[in-house]
Amino acid sequence: MSSPRVRFAPSPTGYLHVGGARTALFNWLYAKRTGGTFILRVEDTDRERSTDEHTRVILEGLEWLGIGWDEGPYFQGAYGERHRADAERLLAQGRAYRCFCTREELDAQRAVSEARKEGFRYDGRCRRRTAADVEAQIAAGVPSTIRLAMPDEELAWDDAVHGRISFQGRDLDDFVILRSDGTPIYNHAVVSDDIAMEITHVIRGDDHISNTPKQIALYRALGRAEPVFAHVPMILGGDGKKLSKRHGATAVGDYQDQGIFPAAMRNFLALLGWSPGDDREIMPEAEMIAAFSLEGIQSKPAVFDAAKLEWMNGQYLSATPAADLLAPVERQLERAGIAVKGQQLLPLIDAVKARSRTILQLAEQVAVRLRGPAALDAKAEALKAKMGESFAANLRRAVAALDPLPEAEWRPEPLLASLKSAAEGAGVKLGDAMQPIRVALTGSTVSEPVNELLAIVGRSASLDRMKAAAER
RNA sequence: GGCCCCAUCGUCUAUCGGUCAGGACGCGACCCUUUCAAGGUCGAGAGACGGGUUCGAUUCCCGUUGGGGCUACCA
């Protein structure tokens, strides 16, 4: 058997969402794993809703994730002629027929069905027209669509994820394959393209399961063998409903903006609905490719857990050398109007790296060390309130203890020694002595060890911030 | 309404008839640090329900319930 050919076929009617990104990832992983070809096809047949901007964002999103394609991007809109020819062929072979029903007639029938709480199905009245009648209608210039004559037979396949799935042709419509303006309907365009592009494995979202029997009918009518289908389950929001904008960030670009690493996003998405079969969590790209299989894909939908994504990103962040973080941190600092650049940032990055989960958080922490806290966070406020008078008193004592230290002695070890002896002398717990300093320097109750923090912030800025906080 | 898919800790998952039902996120505690939401250790926490099949069911079958998808001259 020749090597697999798979495709990701987004429609540019919106941004690249995490569900689409994961579908693309699974296709890509499968191609990499099997030495196959990954094809990108933009399904822009919905002229009204498709935009170049969306296409651009989708392509950029895939590139950002490191999902490169071997062929394409092809644009479905460019193949209108083949779509039409395929429909005409079906028409000529009697596997499809012209329908002269108007939209208004159809809508009226649908309204009646719905009022009776029944599902609407096209009754196939035009299928029974005589050849002479059809000729007459055409001659009279009545517009028509082309509908597939759905066979009354079983339409089943062995889904690579779900196992055998079976539909009955009689439950399905004679659906339209070519509009009256000569453009193709989705299911027809997909099959025509998948045949032309020799797609062997269709890996796509679960929501296409009910499209599959229609497409199988089309493959049969067109006299072609169908590909392997693998329907991957959907991604849900925390409320168990299909993930959508009201669940917060759902576009891949949102996570890029939040400072998530592409590698972390890829790792997280891969494990959402797929498992290597063992306990591995952090998986390098090569390992994911080596372990990937369609059988490892889960059949139930998965809830998108942003907290786990952040944890995973934190793992990648901790493992990344400060030097590699310099450029993105500089970019964030510049945005915040901080001009500091270069090597001098490295110690700051190292100081806060382990406690940050995204580049954004990391850059914020670096910024705070550089120019001081804008305000206290909730926990810092609570701590200050709880400590009352002793908050300022402890700060004043710290200032008195540290002020005599010359610039050359402003290093972690001497700082710790001074702080300890001052606390001991006053009979305060070291924690009570340290936390106010942490809050004064960062506005937060969390940071690297305080003596290191003082060294990072520097002598004069540290003393200034402590004095200011003591007076406030 | 019809057709179809799905069902293990709160969440992501392992288990391919016999397991103390394992791991991860999150949560809690403890340890480390005479200072942090880092690190380490431990803990709480699951087979939707009812029938079968079987010596034995989370695992296979059926039903119920509960989710979800599709049901356009959208994709």
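Residue-to-nucleotide contacts include no donor-acceptor pair under 3.5 Å from the side chain of D206(A) to the base of G69(B). Residue side chain R103(A) does not reach the base of C73(B) through any donor-acceptor N/O pair under 3.5 Å, judged by distance alone. Evaluation of atom-type donor-acceptor distances gives a pair under 3.5 Å for the side chain of N211(A) against the base of A75(B).
When each of U71(B), A24(B), C3(B) is scored by its nearest atom to the side-chain atoms of K214(A), the top-ranked nucleotide is U71(B). The side chain of W311(A) lies closest to C25(B), out of U71(B), A72(B), C25(B). In the set A75(B), G69(B), G26(B), G69(B) carries the atom at the smallest distance from any side-chain atom of D207(A). Distances were taken from every side-chain heavy atom of R355(A) (C-beta onward) to each of C36(B), C4(B), C6(B); the shortest belongs to C36(B). The K308(A) side chain lies nearest to C12(B) when the options are C12(B), U35(B), C74(B). The S210(A) side chain lies nearest to G69(B) when the options are G69(B), A75(B), U11(B).
Heavy-atom distances to RNA chain B give each of I165(A) and G431(A) a nearest nucleotide, and the one nearer the 5′ end belongs to I165(A).
Donor-acceptor pairing under 3.5 Å is recorded for the side chains of S192(A) and D86(A).
For Q298(A) and A14(B), the shortest distance from a side-chain N or O to OP1 or OP2 is below 4.0 Å. Contact check, S299(A) against A7(B): a side-chain N or O comes under 4.0 Å of OP1 or OP2. Neither OP1 nor OP2 of A72(B) sits under 4.0 Å from any side-chain N or O of R121(A).
For the pair K214(A) and F175(A), the cation sits on the ring face: its NZ or CZ lies under 6.0 Å from the ring centre, inside 45° of the axis.
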